[in-house]
K.L.:
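Dumping the structure here so I can ask a few things about it.
All residue numbers in this chain count up from 1 along the given sequence.
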Amino acid sequence: MNTFYITTPIYYVNGEPHAGHAYTTIVSDVLARYHRIKGDQVFFLTGVDEHGANVHKVAENAGLAPQAYCDKMTPIFTELWERLNISHDIFLRTTSDMHKRGAKKFLTALYDSGDVYKAPYEGYYCRPCERFVPEKELTDEKICPIHKLPLEWIEEENYFFRLSKYQDRLLAHIHENPLFIYPESRRNELLSVLDSGLEDISISRSSVSWGISLPFDPEHIVYVWIEALMNYMTALGYETDNERYHTFWPANVHMMAKDITRFHALIWPAMLMAIDLPLPKQIVAHGWLTKDGEALSKTRGIVIDMDTDIETYGLDAFRYYLLREFSFGNDGDYRPTRLHERYNADLANDLGNLLNRVLGLLNKNFDGIPAPTTPGEFDDEVKEMAQTTVDKLDEHINAFAFDSALETIWEFVRRVNRYVQQTEVWTLAKPETKPRMGTILYNSLEALRFVSVLISPFIPDTAEKIQKQIGLAEFDTVADWGRLPVDLKVSKGEPIFPRVDLKKEKAPQPKASKPKQKSKETNLISFADFQKLDLRIGNIISAEPIEGADRLLKLQVDLGTEKRQVVAGIAEHYKPDVLIGKQVIVVVNLEPATIRNVESHGMILAASGDSVVLATPETEVPLGTQVK
């Protein structure tokens with residue numbers, strides 16, 4: 001079985017996720033879903049970058065400790081990914097113990113390579129970028145080329161990595177592997193950087209306190225960008241050299257926006273070369289989004305209102321528009337008017353009306369899906385185009401041409417619409433022509449099943465709705481002609497893309513405030529009763545779902561002197577992989593209980609409101625420590 005490892009960048013938590021983050025993650029989701037339907041073994045990583053001076057500063061401004069701030073921000077990302085129907089296999093947090101241990105292992109290996117040294121550093125630094133700007137990139141005004149803000153002059157003693165040593169090896173690798181950096185415009189840009197010469201880079205900060213300390217010098221914190229790159233390996237279990245790491249490394253695709261390719265295509269491969277590890281197969285960068293021709297800007301009010309557009313048109317329409325409208329690799333201009341046009345033309349008319357029309361004719365004239373007993377004109381043309389569409393789709397996906405991929409599928413959708421028109425199937429309900437009518441309707445439904453398979457990576461909810469309306473109980477992911485069973489009872493449901501009339505949109509209603517809960521004297525307990533609780537610090541070492549229980553997870557918790565099995569109702573808010581390595585507070589003297597035939601010997605503490613957030617210590621604490 002082939003493997004496919006796809007990663008997004010881990011997103012910085014100094015602000016809420018925006019449409020640019022959504023685009024990167026949706027594109028990665030398409031690739032993960034596509035390789036799953038091809039039968040590949042897939043691992044899809046996303047997550048958040050929680051360290052660095054920016055996070056520390058924003059947390060301080062909010063009156064929160066950095067960890068508390070990160071714990072507040074992370075659910076905003078996970079909830080958005082859930083809303084966007086992202087099928088990631090792990091959501092990594094750089095504050096997790098798994099990442100910290102893996103990063104320290106990597107840093108130790110890098111230091112042992114002999115390519116790390118300590119020296120004074122002075123230079124211009126961009127705080128929003130959290131990067132030092134090389135001399136050759138400086139303008140006379142000394143402003144950041146990305147954020148257009150004045151740069152800070154910083155002098156401190158840092159550890160450096162001998163990036164310059166790997167200039168020739170990087171050049172050779174890029175020339176020998178033309179697809180290593182994609183698209184070609186990014187490749188040429190980075191070749192130009194290499195041709196002008198590489199300088200050694202700082203990998204630590206002595207003036208920053210929020211981050212991972214260097215294992216060989218605890219007085220220094222690893223530079224956040226260096227640490228962030230390591231997540232692609234720590235998420236696989238690099239720290240323990242486990243089976244998952246050996247199965248999936250090196251990554252097939254590191255997906256990102258174009259502004260961070262230099263870190264990924266030059267610095268990251270050089271560090272891997274230094275410790276003799278395989279390089280990722282492809283560094284893939286997309287362009288930036290604009291809005292109605294203007295650069296996005298919160299201060300100027302130029303933003304992409306994802307919530308409103310998803311509420312108006314549905315999630316799949318939003319995903320479809322992002323993937324269909326923009327040419328991957330180039331900047332893309334987000335225009336709500338074009339979203340509306342795409343919705344009506346491509347989704348509601350071409351696909352939605354085709355499904356409604358065919359199911360309506362079938363329900364009117366047959367009890368179930370008829371057998372294709374009477375071939376005729378145009379049948380073979382539709383079947384042949386179904387197969388060529390599959391072949392073309394594979395070519396487009398491999399080239400990251402998502403707009404062309406969807407256009408190829410829609411050419412087939414439009415061909416099936418013409419097939420219905422050309423055969424005038426609605427005129428064939430007479431007894432002598434009804435077998436031919438049944439064959440045409442079978443072919444049309446089989447074509448729709450084909451379409452549902454091909455669109456499932458892009459708009460998965462729509463794909464499932466189509467197959468359910470056709471009558472399939474389980475989603476069929478195989479695009480081979482003739483798999484649609486006969487005699488299935490179809491169930492023409494609601495239109496998959498109902499008409500949207502923007503003139504009738506209702507103004508958003510203010511949310512009713514929740515009544516304040518009055519404290520009740522009867523809920524008070526004595527201090528003596530509280531002292532009966534035995535609360536201990538534990539570390540989650542494994543987590544897995546409980547069959548038939550959507551809300552429950554079975555956890556194994558290490559309490560230092562013993563290990564406990566605990567059932568926790570947090571499955572709707574935490575994926576199992578995210579929990580591993582997390583320190584939690586456990587009620588250890590709770591009477592054992594059996595929940596869904598699984599024994600639970602304790603309880604995990606969490607805050608419960610609109611979402612569930614685990615109660616965790618602010619810093620790492622020895623296991624078994626009592627909480628008072």
K.L.:
Do F402 and H396 have ring centroids that are under 6.0 Å from one another?
P.N.:
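Ring centroids of H396 and F402 are no less than 6.0 Å from each other.
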K.L.:
Side chains of Y343 and D309: do they bring a donor and an acceptor to under 3.5 Å?
P.N.:
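No, no side-chain donor-acceptor pair sits under 3.5 Å.
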K.L.:
Between V303 and K291, is any pair of side-chain heavy atoms under 4.5 Å apart?
P.N.:
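In short, these two side chains do not touch, never coming nearer than 4.5 Å.
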K.L.:
Look up atom CG in L322 and atom CG in D403, then write down how far apart they are to the nearest 0.5 Å.
P.N.:
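Atom-to-atom, L322:CG and D403:CG are 12.5 Å apart.
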K.L.:
If you count the non-hydrogen atoms of other residues, nucleotides and ligands that lie under 6.0 Å from CD in E411, is the total more than 12?
P.N.:
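Atom CD in E411 is packed in, count exceeds 12.
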K.L.:
Determine whether a donor-acceptor pair (N or O, by modelled atom type, separation under 3.5 Å) exists between the side chain of N2 and the backbone of D40.
P.N.:
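Flag not set: sc N2 to bb D40 has no pair under 3.5 Å.
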K.L.:
Once side-chain contact (heavy atoms from CB on, under 4.5 Å) is applied, do any residues pair with K468, and if so which ones, sequence neighbours excluded?
P.N.:
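For K468 there are no side-chain contact (heavy atoms from CB on, under 4.5 Å) partners, ignoring immediate neighbours.
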K.L.:
Under 4.0 Å between a Lys/Arg side-chain N and an Asp/Glu carboxylate O for D394 and K392?
P.N.:
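Salt bridge between D394 and K392, a charged N being under 4.0 Å from a carboxylate O: no.
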K.L.:
I'd like to check the side-chain contact (heavy atoms from CB on, under 4.5 Å) partners of S185; sequence neighbours left out, ordered by chain and number.
P.N.:
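S185 satisfies side-chain contact (heavy atoms from CB on, under 4.5 Å) with P183 once adjacent residues are dropped.
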K.L.:
Go through the steps for W225 and I267 under the test side chain to side chain contact (heavy atoms under 4.5 Å, CB included), then give the verdict.
P.N.:
CA-CA 10 Å; W225 260 109; I267 298 172; over 6 Å; no
K.L.:
Look only at the side chain of S96 and the backbone of L92, and say whether a donor-acceptor pair between them is shorter than 3.5 Å.
P.N.:
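No, the answer is negative, given that no donor and acceptor are paired below the 3.5 Å cut-off.
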K.L.:
For F326 and Y321, I'd like to know if the aromatic rings sit close, meaning centre-to-centre distance below 6.0 Å.
P.N.:
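Yes, the ring centres sit under 6.0 Å apart.
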K.L.:
Which class fits the ring pair H51 and W210: parallel under 30°, tilted 30 to 60°, perpendicular over 60°?
P.N.:
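Because their plane-to-plane angle is over 60°, the rings of H51 and W210 count as perpendicular.
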K.L.:
Is atom CD of E464 surrounded by more than 12 heavy atoms (other residues, nucleotides or ligands) closer than 6.0 Å?
P.N.:
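Result for CD/E464: enclosed.
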K.L.:
Please tell me whether R33 and N85 have a donor and an acceptor in their side chains that are separated by less than 3.5 angstrom.
P.N.:
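There is such a pair (donor and acceptor under 3.5 Å, judged by atom type) between the side chains of R33 and N85.
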K.L.:
Looking at M306 and A22, what are the two nearest heavy atoms and their distance?
P.N.:
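What the structure gives for the nearest pair is SD-CB, 3.6 Å.
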K.L.:
Under the 3.5 angstrom rule, does the side chain of D49 hit a backbone N or O of A228 as a donor-acceptor pair?
P.N.:
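No, because the side chain of D49 does not come within donor-acceptor range (under 3.5 Å) of the backbone of A228.
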K.L.:
When you measure from the side chain of E446 to the backbone of R483, do you find a donor-acceptor pair of N or O atoms at a distance under 3.5 Å?
P.N.:
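Yes.
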K.L.:
Measure the NZ-CD1 distance between K582 and I580 for me, rounded to the nearest 0.5 Å.
P.N.:
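CD1 of I580 is found 12.0 Å from NZ of K582.
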K.L.:
Indicate, with yes or no, if the rings of F400 and H286 have centres closer together than 6.0 Å.
P.N.:
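Ring centres of H286 and F400 not closer than 6.0 Å.
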K.L.:
Classify the side-chain pair H340/Y313 by whether it contains a donor and acceptor separated by less than 3.5 Å.
P.N.:
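Judged by distance alone, the side chains do pair up.
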K.L.:
Provide the closest heavy-atom pair for G569 versus L552 in the form atom of the first, atom of the second, distance.
P.N.:
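G569 and L552 have their closest heavy atoms at CA-CD2, 3.7 Å.
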K.L.:
Evaluate the side-chain hydrogen bond (donor to acceptor under 3.5 Å, both in side chains) criterion for residues H35 and Q41: first the C-alpha distance (whole Å), next the side-chain angles of each, then the deciding distance (0.1 Å), finally the verdict.
P.N.:
CA-CA 8 Å; H35 281 272; Q41 187 179 357; over 6 Å; no
K.L.:
Verify, without hydrogens or angle tests, whether R415 (side chain) and M385 (backbone) share a donor-acceptor contact under 3.5 angstrom.
P.N.:
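Answer holds: no.
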K.L.:
Please report the closest heavy-atom contact between P250 and K281, naming both atoms and the distance.
P.N.:
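Scanning both residues completely, I find the closest heavy atoms to be CG-CE, 4.2 Å.
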K.L.:
With a 3.5 Å distance limit and no angle check, can you tell me whether D292 reaches the backbone of R335 through a side-chain donor-acceptor pair?
P.N.:
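Side chain of D292 to backbone of R335: no pair is present.
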K.L.:
Please report the interatomic distance CZ(R342) to CG(L406), rounded to the nearest 0.5 Å.
P.N.:
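Result: 9.0 Å between the selected atoms.
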K.L.:
Does the side chain to side chain contact (heavy atoms under 4.5 Å, CB included) test come out yes or no for H99 and E239, once each step is laid out?
P.N.:
CA-CA 8 Å; H99 173 73; E239 56 160 325; over 6 Å; no
K.L.:
For L236, does its backbone N or O pair with a side-chain atom of W249 as donor and acceptor, under 3.5 Å?
P.N.:
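No, the answer is negative, given that no donor and acceptor are paired below the 3.5 Å cut-off.
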K.L.:
Could you pull out all residues at least two apart from Q467 that satisfy side-chain contact (heavy atoms from CB on, under 4.5 Å)?
P.N.:
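For Q467, the residues satisfying side-chain contact (heavy atoms from CB on, under 4.5 Å) (neighbours in sequence not counted) are R449, S452, V453, L472, F475, D476.
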K.L.:
With a 3.5 Å cut-off and no angle check, do the side chains of R36 and S87 form a donor-acceptor pair?
P.N.:
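Indeed, the side chains of R36 and S87 share at least one donor-acceptor pair under 3.5 Å.
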K.L.:
Which residues pass the salt bridge (charged side-chain N to carboxylate O under 4.0 Å, His left out) test with D307, not counting sequence neighbours?
P.N.:
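Listed in chain order: R83.
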K.L.:
Taking the six-membered ring for Trp, are W410 and Y320 ring centroids under 6.0 Å apart?
P.N.:
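They qualify: ring centres under 6.0 Å apart.
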K.L.:
Test ring pair (Phe, Tyr, Trp, His ring centres under 6.0 Å) on F263 and W268; report intermediate values, then the result.
P.N.:
CA-CA 6 Å; F263 289 98; W268 178 227; over 10 Å; no
K.L.:
Quick one: closest heavy-atom pair of V42 and F248, and the distance?
P.N.:
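The pair with the smallest heavy-atom distance is C-CE2, 3.9 Å.
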K.L.:
Hey, is CD on E341 packed in by over 12 heavy atoms from elsewhere, all under 6.0 Å?
P.N.:
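Yes.
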K.L.:
Run the side-chain contact (heavy atoms from CB on, under 4.5 Å) test against N242 and tell me which residues pass, sequence neighbours left out.
P.N.:
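Result, side-chain contact (heavy atoms from CB on, under 4.5 Å) vs N242: T240, R244, Y245.
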K.L.:
Strictly distance-based, threshold 3.5 Å: is any side-chain N or O of S192 a donor or acceptor partner for the main-chain N or O of N188?
P.N.:
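No, S192 side chain to N188 backbone: no donor-acceptor pair under 3.5 Å.
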K.L.:
How long is the gap from CD1 on I6 to CG on L31, to the nearest 0.5 Å?
P.N.:
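That separation rounds to 5.0 Å.
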K.L.:
Write down the atom of I37, the atom of P457, and the distance for their closest heavy-atom approach.
P.N.:
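I37 and P457 have their closest heavy atoms at CD1-CG, 4.0 Å.
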K.L.:
In this structure, which one of D29, T78, N231, T8 forms a side chain to side chain donor-acceptor pair (under 3.5 Å) with T46?
P.N.:
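Going through D29, T78, N231, T8 one by one, the side chain to side chain donor-acceptor pair (under 3.5 Å) with T46 is satisfied by T8 alone.
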K.L.:
Return the set of residues passing salt bridge (charged side-chain N to carboxylate O under 4.0 Å, His left out) with R414 (not counting sequence neighbours), or none when no residue passes.
P.N.:
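Only D350, E407 meet the salt bridge (charged side-chain N to carboxylate O under 4.0 Å, His left out) criterion with R414.
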K.L.:
Roughly how far, to the nearest 0.5 Å, is the OH atom of Y238 from the NE2 atom of H246?
P.N.:
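Here the rounded value is 10.5 Å.
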K.L.:
Among side-chain atoms of H254 and Q282, is any donor-acceptor pair under 3.5 angstrom?
P.N.:
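H254 vs Q282: no donor-acceptor pair found between side chains.
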K.L.:
Please test Y69 against V58 for side chain to side chain contact (heavy atoms under 4.5 Å, CB included), starting from the C-alpha separation and ending with a verdict.
P.N.:
CA-CA 8 Å; Y69 171 80; V58 174; 3.3 Å; yes
K.L.:
Test salt bridge (Lys or Arg N to Asp or Glu O under 4.0 Å) on R187 and E184; report intermediate values, then the result.
P.N.:
CA-CA 5 Å; R187 179 176 181 269; E184 187 177 3; 5.3 Å; no
K.L.:
Assess the side chains of Q469 and S491: does a donor N or O sit below 3.5 Å from an acceptor N or O?
P.N.:
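Per modelled atom types, Q469 and S491 side chains form no pair under 3.5 Å.
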K.L.:
What pair of heavy atoms forms the shortest contact from L289 to I304, and how long is it?
P.N.:
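Closest approach of L289 to I304: CD1-CD1, 3.9 Å.
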K.L.:
Measure from the side-chain N and O atoms of Y5 to the backbone N and O of Y232, and report whether any donor-acceptor pair falls under 3.5 Å.
P.N.:
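Yes; judged by distance alone, with no hydrogens or angles, the pair exists.
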K.L.:
Determine whether L579 and I570 make a side-chain contact, defined as any pair of heavy atoms from C-beta on separated by less than 4.5 Å.
P.N.:
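Yes, at least one pair of side-chain atoms sits under 4.5 Å.
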K.L.:
Any sub-3.5 Å donor-acceptor pair from H264's side-chain atoms to T261's backbone N or O?
P.N.:
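Checking the backbone N and O of T261 against the side chain of H264, no donor-acceptor pair under 3.5 Å is found.
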K.L.:
Between T25 and L84, is a side chain to side chain contact (heavy atoms under 4.5 Å, CB included) present by the stated rule, with each step listed?
P.N.:
CA-CA 9 Å; T25 311; L84 296 178; 5.8 Å; no
K.L.:
Run the ring pair (Phe, Tyr, Trp, His ring centres under 6.0 Å) test on W288 and Y23 for me, step by step, so that the C-alpha distance in whole Å, both residues' side-chain angles and the decisive distance to 0.1 Å come before the verdict.
P.N.:
CA-CA 9 Å; W288 288 332; Y23 181 68; over 10 Å; no
K.L.:
Can you tell me how far CG of D346 sits from CD1 of I409, rounded to the nearest 0.5 angstrom?
P.N.:
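So the gap between those two atoms works out to 11.5 Å.
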